[in-house]
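In what follows, a structure is listed as structure tokens, so that the remarks can point back to it.
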Amino acid sequence: MRRCNEEVAGLLQEYADLIAITGGDAFKVRVYEKAARSVGGYGREIDGMDAAGLRAIPNVGASIAAKIDEYLRTGSIHQLEELRTRIPAGVRLLTTIPTLGPKKAMALYHERGVDSIEKLEHAIHAGALQGMHGFGAKTEENLLHGIDVIRKTGSRVHIGIAMAVADEVVPALSAVPGCERCAYAGSLRRMKDTIGDVDVLATADDSAALMTAFTTLPYVTEVIAHGETKSSVRTASGLQVDLRVVPGDSWGAALQYFTGSKAHNIRTREIAVHRKLKLSEYGVFDVATGEKITSADEAEVYGMLGLPWIEPALREDTGEIEAALGEGLPRVVTLADIRGDLHTHTDLTDGLAPLEEMAEAAAARGYDYYAVTDHAPGLSMQRMTGEKALAQRERLRRLGAARPGMTLLHGCELNIGPEGEVDWPPEFLAGFDLCVASVHSHFTQPAEEMTRRLVRACENPYVKIIGHPTARVIGRREPVDADWPRVFDACARTGTALEIDAFPDRLDLPADLVRRAAGRGVLFAIDSDAHAVPHLANMRYGVGTAQRGWLTPDRVINTWPLDRLREFLRPR
DNA sequence: GCCGTTTTCGGCCCGACTGTTTTCAGTCG
């Protein structure tokens with residue numbers, strides 16, 4: 001169970017936030033943040049560890065180990081509880097607004113009693129912030145914009161959070177005696193980048209037992225509804241989970257129905273009507289006789305409609321029905337097609353694990369090749385130097401020689417400067433097996449400048465992949481503005497791949513742009529951008545995004561055999 | 001609060017950007 005590490009990471013982060021808001025020592029804040037990341041990204045489950053074991057985690061010393069131990073034993077940390085009584089949760093939530101940090105949040109709370117995003121919005125509109133030190137007109141404008149950004153994702157969460165819940169709930173329910181089948185459906189199964197609620201479907205001969213098990217799961221904080229065939233709960237993370245129990249012989253029809261999307265279902269039901277059939281969550285029925293024809297298997301349901309089974313990620317009514325009826329559906333890329341990861345970090349820059357551990361974990365995933373691409377000096381906070389890069393290369397070559405099963409590639413993640421320039425000169429870049437280049441600053445350039453900037457990066461003969469091209473962070477930062485068709489054409493012309501960054505709060509390039517880019521002949525790399533061992537598993541979200549972008553394996557360079565990949569990586 | 005050690009204290013990522021505070025504080029990556 002990974003959940004415990006993430007829970008504790010969340011608590012440590014909350015503790016760090018609360019120390020920051022109360023004006024505590026900034027170094028202490030940073031230590032708790034570092035500890036939170038270390039615990040969240042730690043390769044082993046912390047549940048059951050004693051204090052000594054906990055102290056082996058980087059950045060966890062005596063004090064933090066004691067707090068974690070207290071949490072594991074009692075379910076709470078008394079110092080955290082104490083801070084919580086002093087600072088309303090809404091004040092901490094204020095800091096999720098971009099441009100609003102702990103200092104301003106505390107000032108708003110102390111001087112104006114603002115303890116929620118709603119109150120802040122109201123206070124700005126009422127002119128109640130006037131006279132406050134550091135809150136001018138532009139600041140108010142930025143805050144309103146920030147609130148807007150948060151509202152756009154609304155109560156939705158990124159797929160990583162929702163999937164973590166589903167990965168807990170589905171096995172737990174599957175283990176309940178009498179449960180025959182259980183799976184998640186809905187937008188999560190379609191691999192959408194944000195998820196409103198988690199839909200879980202099950203069949204059981206005794207639905208009551210399953211419902212009781214569901215509503216009493218340990219991380220359920222609120223039972224919204226508890227019925228015979230449908231129950232809804234809210235988890236500790238605030239996410240709603242719906243469970244529907246259907247008869248065993250309705251499984252396929254129910255899974256099809258609850259997977260959606262709504263638009264896709266409208267189309268499938270229309271097709272059914274044309275065939276004198278009726279499609280519902282209970283099955284495919286003959287309209288004339290009312291007789292049920294099939295419902296047990298999803299492929300059979302589609303088959304009755306004259307359609308092949310359709311990959312869930314394609315079910316958005318954006319052409320999949322027409323393709324299924326006509327030229328055929330694409331054979332979209334799957335996780336099994338992925339032969340390697342081309343964008344990852346180590347503790348040489350901002351990663352958590354050393355090169356050896358990352359490579360070991362990559363090999364355990366069965367990869368044929370694996371690229372280490374730590375940050376370049378332009379991100380000055382990472383303190384990278386050419387010497388460090390060369391030393392890492394030596395270390396990587398030795399490790400590669402000792403590990404014949406998987407090819408290690410030495411790369412870097414360059415910074416694309418405001419004019420499209422990158423950190424190192426051509427002669428130094430020539431020494432790398434692979435250069436990824438990404439935007440890490442100046443996110444608000446006008447579209448024309450941003451387009452020139454990205455195109456120029458593509459034109460650099462050593463840049464082979466543009467990392468997280470829109471630089472969006474879901475619920476946090478808007479995508480940069482660019483003339484994407486021009487960028488796509490530059491990629492196709494120069495042989496530069498666009499990345500699908502699989503980090504669940506990025507999923508960048510987003511699926512709609514992936515599909516447009518693929519239509520203009522662009523190639524892709526699906527990368528984890530892992531900063532810790534567990535992040536390597538995020539690859540599945542990148543693959544889901546690629547599927548939603550209708551990508552076939554041939555368009556994804558890290559499904560290619562090494563020889564073909566190396567040919568692609570050769571500087572132009 | 002953690003870590004490394006010149007090992008029980010001193011340093012901790014640091015520069016850019018923004019808005020507004022006329023000299024800098026807050027936020028971000």
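For clarity, every value in this text was computed on a predicted model and none was experimentally measured. Letters A, B, ... are given to chains in the order of the sequence lines, protein chains preceding strands, and every chain is numbered from 1.
Of the candidate nucleotides B:dC13, B:dG1, B:dT20, B:dC13 has the atom lying nearest to any side-chain atom of A:Lys34. Closest to the side chain of A:Phe27, from the set B:dC17, B:dT27, B:dG1, is B:dG1. Of all nucleotides listed (B:dG29, B:dT18, B:dC17), B:dT18 comes nearest to the side chain of A:Asn142. Here the nucleotide nearest the side chain of A:Arg476, chosen from B:dC28, B:dC17, B:dG1, is B:dC28. Of the candidate nucleotides B:dG1, B:dA16, B:dC13, B:dC13 has the atom lying nearest to any side-chain atom of A:Arg30. Nearest nucleotide to the side chain of A:Ile64, out of B:dG29, B:dC2, B:dT27: B:dC2.
If you check the side chains of A:Asp501 and A:His343, you find no donor sitting under 3.5 Å from an acceptor. Between the side chains of A:Tyr219 and A:Glu7, not a single donor N or O lies within less than 3.5 Å of an accepting N or O.
Annotation: B:dG1 and B:dT6 have their P atoms spaced 25 Å apart (nearest Å). Taking atom C1' in both B:dG26 and B:dT20, one finds a spacing of 11 Å when rounded to whole Å. Taking atom C1' on both nucleotides, B:dG15 is separated from B:dT7 by 32 Å, rounded to a whole Å. A distance of about 35 Å separates the P atoms of B:dC17 and B:dC2, rounded to the whole Å. Separating the P atom of B:dC13 from that of B:dG4 is a span of 13 Å, rounded to the nearest Å. Atom C1' of B:dC12 sits at a distance of 14 Å from the matching atom of B:dT5, rounded to the whole Å. The C1' atoms of B:dC3 and B:dT8 are separated by 12 Å, rounded to the nearest whole Å.
Summarising the geometry, the separation between CG on A:Leu108 and P on B:dG26 is reported as 13 Å, rounded to the nearest angstrom. The separation between A:Leu12 atom CG and B:dC2 atom C1' is 13 Å, rounded to whole Å. What separates CD of A:Glu141 from P of B:dT20 is a distance of 10 Å, to the nearest Å. In this entry the distance linking CG of A:Asp17 with P of B:dC28 reads 11 Å, nearest Å. Going from atom CG of A:Leu100 over to atom C1' of B:dT27 covers 10 Å, rounded to whole Å. Per the geometry, CZ belonging to A:Phe135 stands 12 Å off C1' belonging to B:dT27, to the nearest Å. The CD-P distance, from A:Glu33 to B:dC28, rounds to 11 Å in whole Å. The nearest whole Å value for the distance from the CG atom in A:Asp423 to the P atom in B:dG15 is 16 Å.
A:Thr139 has a side-chain polar atom (N or O) that falls below the 4.0 Å cut-off from OP1 or OP2 of B:dT20. OP1 and OP2 of B:dA16 both lie 4.0 Å or more from every side-chain N or O belonging to A:His442. For B:dG29, one of the phosphate oxygens OP1 or OP2 lies less than 4.0 angstrom from a side-chain nitrogen or oxygen of A:Arg477.
Proximity of the aromatic rings of A:Tyr462 and A:Trp424 is defined here by a centroid distance below 6.0 angstrom, and this criterion is not met. For A:His442 and A:His440, the gap between ring centers reaches or exceeds 6.0 Å.
Using a 4.0 Å cut-off between charged nitrogen and carboxylate oxygen, A:Arg486 and A:Glu448 count as a salt-bridge pair.
Summarising the geometry, atom NZ belonging to A:Lys388 is positioned 10.0 Å from atom CG belonging to A:Asp374; distances are rounded to the nearest 0.5 Å.
Pair assignment for B:dC3 gives B:dG10, based on Watson-Crick or G-U wobble hydrogen-bonding distances that are each under 3.5 Å.
When heavy atoms are screened at a 4.0 angstrom cut-off, A:Ala62 is found touching the sugar-phosphate backbone but no base atom. Base engagement by A:Asp25 is indicated by at least one non-hydrogen atom pair under 4.0 Å involving a base atom.
Nearest-nucleotide positions on DNA chain B for A:Lys104 and A:Gly136 put A:Gly136 closer to the 5' end. Summary of the strand contacts: A:Ala137 and A:Pro418 both lie near DNA chain B, and taking for each the nucleotide with the nearest heavy atom, the more 5' one is attributed to A:Pro418.
Screening residues 4-31 of chain A for ring pair (Phe, Tyr, Trp, His ring centres under 6.0 Å), with sequence neighbours left out, gives A:Tyr15-A:Tyr32.
Both tests do not hold together for A:Arg92 against A:Tyr109: distance to the six-membered ring centre under 6.0 Å, angle to the ring axis within 45°. The side-chain tip of A:Arg516 does not point at the ring of A:Phe488 from less than 6.0 angstrom away and within 45° of straight on.
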Is there any protein nitrogen or oxygen under 3.5 Å from a nitrogen or oxygen in nucleotides 3-5 of chain B, and what are the pairs?
| residue | atom | partner | partner atom | Å |
| --- | --- | --- | --- | --- |
| B:dC3 | OP1 | A:Asn59 | N | 2.7 |

